[in-house]
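Just below is one structure, and these are the notes that go with it.
Predicted model, so just to flag it, every value in this text is computed and none were measured.
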Amino acid sequence: DAFIVKQPTEATTVWWDLRGCMQYRANRNERSLLLEEIAWAKVSIKDGNGVDATSAMLVSGTVAFSNHHMVSHILKAGADNYYYLITLTVGTDDGMGGTRILDYRATVYVNDLVVNNV
């Protein structure tokens, strides 16, 4: 889990370094020492009441890979003094036809630093 603080008006790039997570969650009894690679990724965002805020907060088309275990996307907007839950869902490919779907989560707190004097 991660905790991110951002202002309502700023766009923030969120980076997910999944190498350690994928090593920890790796399938056992594999003969290969290579890690699975991310084949696809999807981001969803829910507010504190469980309402979908993905279209309001995720900049469309910004989910990207920088290598086989790093994912990034850009967040915008968000209501002041409010918590959001980001869920990153990735599909993996082990190179031998094996696939899995894994979820990772982070909490975003939106805080207008000027208004709240923090």
Side-chain angles (χ1 to χ4, degrees):
D1 284 339
F3 188 78
I4 303 163
V5 177
K6 73 177 271 326
Q7 293 189 52
T9 57
E10 74 179 331
T12 303
T13 302
V14 177
W15 288 92
W16 300 77
D17 182 354
L18 303 179
R19 182 175 305 275
C21 298
M22 291 182 74
Q23 281 178 323
Y24 179 76
R25 297 173 94 172
N27 286 331
R28 303 297 178 223
N29 303 320
E30 292 179 357
R31 292 191 176 154
S32 173
L33 298 177
L34 298 174
L35 292 177
E36 295 167 290
E37 295 180 0
I38 297 171
W40 57 268
K42 178 180 80 168
V43 174
S44 63
I45 304 168
K46 297 206 184 269
D47 69 15
N49 296 320
V51 176
D52 189 353
T54 306
S55 62
M57 292 190 68
L58 180 67
V59 176
S60 180
T62 63
V63 178
F65 305 88
S66 67
N67 67 29
H68 302 301
H69 303 102
M70 295 280 291
V71 179
S72 68
H73 57 85
I74 298 175
L75 293 181
K76 63 178 179 179
D80 180 37
N81 228 7
Y82 218 74
Y83 289 91
Y84 296 88
L85 178 67
I86 304 173
T87 302
L88 173 68
T89 302
V90 297
T92 66
D93 178 6
D94 66 4
M96 301 183 315
T99 60
R100 293 192 302 153
I101 297 175
L102 305 170
D103 283 335
Y104 301 94
R105 291 181 176 80
T107 301
V108 175
Y109 177 67
V110 177
N111 186 8
D112 190 337
L113 301 177
V114 175
V115 171
N116 297 317
N117 294 321
V118 176

For D52, the side chain to side chain donor-acceptor pair (under 3.5 Å) test, sequence neighbours excluded, returns T54
Note to self: Less than 4.5 Å apart, side chain to side chain, heavy atoms only: is that true for I74 and L58?
What the structure shows: no
Looking only at heavy atoms, the pair that brings A56 and A77 closest together is O-CB, 3.7 Å
Distance col, row T89:OG1 vs Y104:OH, nearest 0.5 angstrom, shows 10.5 Å
Self-check item: Min side-chain heavy-atom separation Y83-D47 under 4.5 Å
Solution: no
Item checked: Close side-chain approach of V43 and T87, heavy atoms under 4.5 Å -> no
Y84 versus M57: any side-chain heavy-atom pair under 4.5 Å?
yes
Next on the checklist: If we count only N and O atoms by modelled type, under 3.5 Å, do the side chains of H73 and W16 hold a donor and an acceptor together?
Outcome noted: yes
Does atom NZ of K76 have more than 12 heavy-atom neighbours, drawn from other residues, nucleotides or ligands, at distances under 6.0 Å? yes
Checklist entry - With a 4.5 Å heavy-atom cut-off, do I101 and V90 have their side chains touching? => result no
Taken to the nearest 0.5 Å, the spacing of L88 CG from S44 OG works out to 9.0 Å
- Item | S66 and W15, any side-chain heavy atoms less than 4.5 Å apart | yes
Full working for side chain to side chain contact (heavy atoms under 4.5 Å, CB included) between D103 and R105: CA-CA 7 Å; D103 283 335; R105 291 181 176 80; 3.9 Å; yes
Between T92 and L102, is any pair of side-chain heavy atoms under 4.5 Å apart?
yes
(request) Examine L85 and I45 and state if one hydrophobic cluster contains both, with Ile, Leu, Val, Met, Phe, Trp and Tyr joined whenever side-chain heavy atoms are less than 4.5 Å apart. (result) no
Are any side-chain N or O atoms of D17 and backbone N or O atoms of R19, one a donor and one an acceptor, separated by less than 3.5 Å?
yes
With side chain to side chain contact (heavy atoms under 4.5 Å, CB included) as the criterion, how do L75 and I86 come out once you've worked through the C-alpha distance, each side chain's angles and the decisive distance to 0.1 Å?
CA-CA 10 Å; L75 293 181; I86 304 173; 3.6 Å; yes
Just so I know, are the side chains of I38 and L18 near enough to count as touching, which here means a heavy-atom distance under 4.5 Å? yes
